[in-house]
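For reference, the structure is listed below as structure tokens.
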There are 2 protein chains.
Amino acid sequence: MSIRLPVEKLTPEAFAPFGTVIAPDPARAKSINGGTTTRFHALATCEALGTDAEVIINIFRGSPRRFPYQVDMMERHPLGSQSFSPLSPRPFLVVVAEDHGGTPAKPRVFLAENGEGINYRANVWHHPLMALGETSDFLVVDRGGPGDNLEEYIYPALFTIEEIDL
Amino acid sequence: MSIRLPVEKLTPEAFAPFGTVIAPDPARAKSINGGTTTRFHALATCEALGTDAEVIINIFRGSPRRFPYQVDMMERHPLGSQSFSPLSPRPFLVVVAEDHGGTPAKPRVFLAENGEGINYRANVWHHPLMALGETSDFLVVDRGGPGDNLEEYIYPALFTIEEIDL
């Protein structure tokens, strides 16, 4: 018995409970560098909580997931935000859940396309990176420093993401 | 009269006086997420100095530069680091200078290729974004918040970057 999860379009509004979408939003554009560059400003804000915490930049190289995919766990980072921006044109899946009294609710699945990235706010439940199609690199901005910044939860039931139609 | 600038290969060692190279360095690799992801950890550290400062994520869309290019100015951000990671496979130029008593020395020009990004440490003199070939998007992680975080300097003489051989 497994509950099927629909795949939703990633929009700033739909994703607002979990964080922000990192994409060139015209509303945040300003011209800089003598008109040679457009800056899409402050698409996301990084959180790094706790003593001696810092914001670090990493690359994550994710293997592609196979479908149908069984979602059986989620994780969250209580001390910091975490962003993922694809360094390839390939889409990827963003799987998140609202918190219900300390555990994740039913997962929601968003398809990030056209180079869209996302930033999870601190303490937002999410599934580990789900690359699609081929091994894919992502720029990841998150928290470094001492302290326990990982919480995991195993669901008592399985959820299924059927084949992704790209 | 203009001084010609050679274009150097971007390596972590050559770039060390100015900041770090953001690329999947095998020495920083660790396996995470049950073996589905390789994390290249802490390739760069973000600096955001001053009251109410934060680290923000932006997209810069740069117009391609034309060559020969005359370098006539530099800038620096005393209150924060600034990283550039290309969201396309196109190379770009990284133009930096050491500080000599409050003004930039002769520029050095590095060619970032194969998706390499860089992070300028706070207060490092650099030229504004120099995209190559086509309009190109970059993920930029830098400082947001109050305070004067921009200093510019106009060189008394011109420096020239000749045609880039890609």
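A, B, ... follow the sequence lines: proteins, then strands. Residue 1 opens every chain. Hydrogens, waters and symmetry mates are skipped; everything else that's a heavy atom, side chains included, is used. Computed from a predicted model, the values in this text were never measured in an experiment.
- Using a 4.5 Å cut-off between heavy atoms, B:P86 touches chain A through its backbone atoms (N, CA, C, O) alone.
- Both A:V21 and A:F92 sit in one connected hydrophobic cluster of ILVMFWY residues. Membership requires side-chain heavy atoms under 4.5 Å apart, directly or through other members.
- Using a 4.5 Å cut-off on side-chain heavy atoms (C-beta onward), B:L87 and A:L139 make no contact.
- Cluster annotation: B:V109 is connected to B:L111 through the hydrophobic network of ILVMFWY side chains, with a link wherever side-chain heavy atoms come within less than 4.5 Å.
- Proximity to chain A (any heavy atom under 4.5 Å) is shown, for B:A48, by neither the backbone nor the side chain.
- For chain B, the nearby part of A:A23 is the backbone; its heavy atoms alone come within less than 4.5 Å.
- Cluster membership for A:I161 and A:F84, using ILVMFWY side-chain heavy atoms within less than 4.5 angstrom, is not shared.
- At a threshold of 4.5 Å between side-chain heavy atoms, the hydrophobic network of Ile, Leu, Val, Met, Phe, Trp and Tyr places A:V95 and A:F159 in one connected group.
- By the criterion of side-chain heavy atoms lying less than 4.5 angstrom apart, applied directly or through intervening Ile, Leu, Val, Met, Phe, Trp or Tyr residues, B:V55 is not grouped with A:V140; the two fall into different hydrophobic clusters.
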Please lay out, stage by stage, how A:C46 and B:I56 fare under the test side chain to side chain contact (heavy atoms under 4.5 Å, CB included).
CA-CA 6 Å; A:C46 303; B:I56 57 176; over 6 Å; no
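- Applying the ring pair (Phe, Tyr, Trp, His ring centres under 6.0 Å) rule to pairs touching residues 1-27 of chain A yields A:F15-A:F18, A:F15-A:F110, sequence neighbours excluded.
- By the 4.5 Å side-chain criterion applied to Ile, Leu, Val, Met, Phe, Trp and Tyr, B:M73 is assigned to a cluster that also includes B:I154.
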With 3.5 angstrom as the limit, list the donor-acceptor pairs from chain A to chain B, or say none if there aren't any.
| unit_1 | atom_1 | unit_2 | atom_2 | d |
| --- | --- | --- | --- | --- |
| A:T36 | O | B:S63 | N | 2.8 |
| A:T36 | O | B:S63 | OG | 3.2 |
| A:T36 | OG1 | B:R65 | NH2 | 3.2 |
| A:T38 | N | B:R61 | O | 2.9 |
| A:T38 | O | B:R61 | N | 2.8 |
| A:R39 | NH1 | B:D142 | OD2 | 3.1 |
| A:R39 | NH2 | B:N58 | OD1 | 3.2 |
| A:R39 | NH2 | B:D142 | OD1 | 3.0 |
| A:R39 | NH2 | B:D142 | OD2 | 3.1 |
| A:F40 | N | B:I59 | O | 2.7 |
| A:F40 | O | B:I59 | N | 3.2 |
| A:A42 | N | B:N58 | OD1 | 2.6 |
| A:L43 | N | B:I57 | O | 2.7 |
| A:A44 | N | B:I57 | O | 3.3 |
| A:A44 | O | B:I57 | N | 2.9 |
| A:C46 | N | B:V55 | O | 2.9 |
| A:V55 | O | B:C46 | N | 2.9 |
| A:I57 | N | B:A44 | O | 2.9 |
| A:I57 | O | B:L43 | N | 2.7 |
| A:I57 | O | B:A44 | N | 3.3 |
| A:N58 | OD1 | B:R39 | NH2 | 3.2 |
| A:N58 | OD1 | B:A42 | N | 2.6 |
| A:I59 | N | B:F40 | O | 3.1 |
| A:I59 | O | B:F40 | N | 2.7 |
| A:R61 | N | B:T38 | O | 2.8 |
| A:R61 | O | B:T38 | N | 2.9 |
| A:S63 | N | B:T36 | O | 2.8 |
| A:S63 | OG | B:T36 | O | 3.2 |
| A:R65 | NH2 | B:T36 | OG1 | 3.2 |
| A:D142 | OD1 | B:R39 | NH2 | 3.0 |
| A:D142 | OD2 | B:R39 | NH1 | 3.0 |
| A:D142 | OD2 | B:R39 | NH2 | 3.1 |

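- When each of B:L129, B:V141, B:I22, B:L43 is checked for heavy-atom pairs under 4.5 Å with chain A, B:L43 comes out on top.
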